[in-house]
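For ligands, and for the atoms within them, numbers begin at 1 and follow the listed sequence. Atoms considered below: every heavy atom in the structure, side chains included; atoms not considered: hydrogens, waters and symmetry mates.
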Amino acid sequence: MAVLKIKGGKKLSGEVNVQGSKNAILPMLAACILCKDFVRIRHCPKISDVYAMIHLLETLGCDVTWEDDAVVVDARTIQSAKLVEQQARVMRSSIILAGAMLGREGKIEISYPGGCSIGTRPINLHLKAFRKMNVQITETEENMICTTSRLTGEDIELDFPSVGATENVILAAVLADGMTTLRNAAREPEIVELCKFLRKMGASITGEGSERIVIKGVTSLHGADYQVMCDRIVLGTYIAAIAGAGGEADIKVNCVSQLGEVCKVYEQMGVTIEKTDSGLYVQSPGKLNKVDLIRTRPYPGFPTDMQSQTMAVLTKAQGTSIIIENLFEGRYKTVSELRKMGASITVEGRAAIIKGVKALTGANVEAKDLRGGAALIIAGCMAEGCTTIADIQYIERGYENIVDCYKKLNVNITLA
Ligand code: UD1
């Protein structure tokens, strides 16, 4: 198995581009099923989660081709409503195909979805909403069979603003009979992007980005050509790397306004973040201040997807910082790996207490999940000596061309 090797201790510099957004493209690929026409999505990241989603679309009978960085989906030829193989089980986002398939075919048989090992990740909110929209669900030990004679628009209030449940309701409601009003909806930028994309295909949706989204069912959607936005978590990861390792760099990106609380936290550490014509300029003083308390929350709060990377950065900050992880209970698995590099972190329930140390040292570590793996790359850049990261398949789920991107930032990194 390939590993990443990083020789740390060097300041970052240079210029890097930000890839297309993973969490936006996955539901958009699912949305392609809703239309019996060609859909072309540009700036599509070449990452393993995207390949896995394409494989699922092909399993259903879609024809999917690449044209440089664009993916073209022809969903005219869907033949199956069954996704019960390994690929559906290992990928959390496979559940997003349920809403789209119910809209398109009125049925789907699907395995319970998997994903990163970051927590239990239930789907009760998705199923509760589907049931309200006239979907009958039969659950077996491994699979779920969802069928409907006619999806109906309804008033739905989510018990929690789940990103996936919000997307699934939107996807199911687009071709449903009547109007769906979704309350306590997630407000993440990726939801806004999905709605913009669906509108380009002819859907009638208003209110995305707020907690109340209204979807008026239409009879059909048509093909579209769309460029997916940049990945705000990849952007945040670069900010974290520059902050932690020191130095300065330009990041070319079009989603600067979507950083939510991330900028505030890094500015508290002493990092300069300035908007430029092409994106952001980031400068780190090297020695960083602690941050008293970071709580992960739904957007626009501090994203759980930036928690691990930020923890890595805080391992060398001056003083003690506290992180509270509110979304996923399994997201502290990287702590043991950071400790191997000399970090001082204790975990008490949802809280992680990070005491800044003078230096990290390179070590042999393992990626435990996607963002935890990204955190180890950052720690590797911050450490003296060589860090070897195993199990990089987790990192490849969400980061495109990771080696080339970090090389552009002056990092001594190789795939071995
Ligand atoms: C999405 C993102 C993921 C991000 C997360 C939170 C994608 C592909 N993934 O995941 O990167 O970390 O949002 O911003 O977009 N929950 C329930 N019941 C449900 C659904 C969710 O209890 O039916 C809980 C979860 O256990 C979790 C919380 O709600 O504690 C948030 O989950 P959710 O917003 O659904 O995350 P995902 O859509 O899985």
Please work out whether any backbone atom (N, CA, C, O) or any side-chain heavy atom from C-beta onward of [X] is under 4.0 Å from ligand 1, and answer side chain, backbone, both or neither.
{"X": "Glu190", "value": "neither"}
{"X": "Ser93", "value": "side chain"}
{"X": "Leu327", "value": "both"}
{"X": "Val163", "value": "both"}
{"X": "Tyr299", "value": "neither"}
{"X": "Gln307", "value": "neither"}

Identify, with sequence neighbours excluded, every residue that meets salt bridge (Lys or Arg N to Asp or Glu O under 4.0 Å) alongside Arg232.
Glu190
Salt bridge (Lys or Arg N to Asp or Glu O under 4.0 Å) with Arg187: which residues, sequence neighbours excluded?
none
Give the single entry among Leu125, Ile233, Asn168 that approaches atom 23 (O) of ligand 1 most closely by any heavy atom.
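The nearest heavy atom belongs to Leu125.
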Any Arg297 heavy atom less than 4.0 Å from ligand 1
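No, Arg297 has no heavy atoms under 4.0 Å from ligand 1.
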Taking the non-hydrogen atoms of Pro122, is any one of them nearer than 4.0 angstrom to ligand 1?
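Within the 4.0 Å threshold, so yes.
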Charged N-O contact under 4.0 Å between [X] and [Y]:
{"X": "Asp225", "Y": "Arg42", "value": "yes"}
{"X": "Asp155", "Y": "Arg212", "value": "no"}
{"X": "Arg199", "Y": "Glu193", "value": "no"}

Modelled atom types, side-chain donor and acceptor of Tyr266 and Ser284, under 3.5 Å:
no
Do His222 and Asp37 pair up side chain to side chain, a donor and an acceptor below 3.5 Å, judged on atom types alone?
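Checked: His222/Asp37 side chains show no N/O donor-acceptor pair below 3.5 Å.
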Please report whether ligand 1 has a polar contact with Asp305, defined as an N or O pair separated by less than 3.5 Å (distance criterion only).
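It does: an N or O of Asp305 is found under 3.5 Å from an N or O of ligand 1.
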Contact (N/O only, under 3.5 Å) between Asn23 and ligand 1
yes
First locate atom CD of Glu337, then atom OG of Ser308, and finally report the distance between them rounded to the nearest 0.5 Å.
12.0 Å
Atoms in ligand 1 with a heavy atom of Arg331 nearer than 4.0 Å:
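Listed by number with element: 12 (O).
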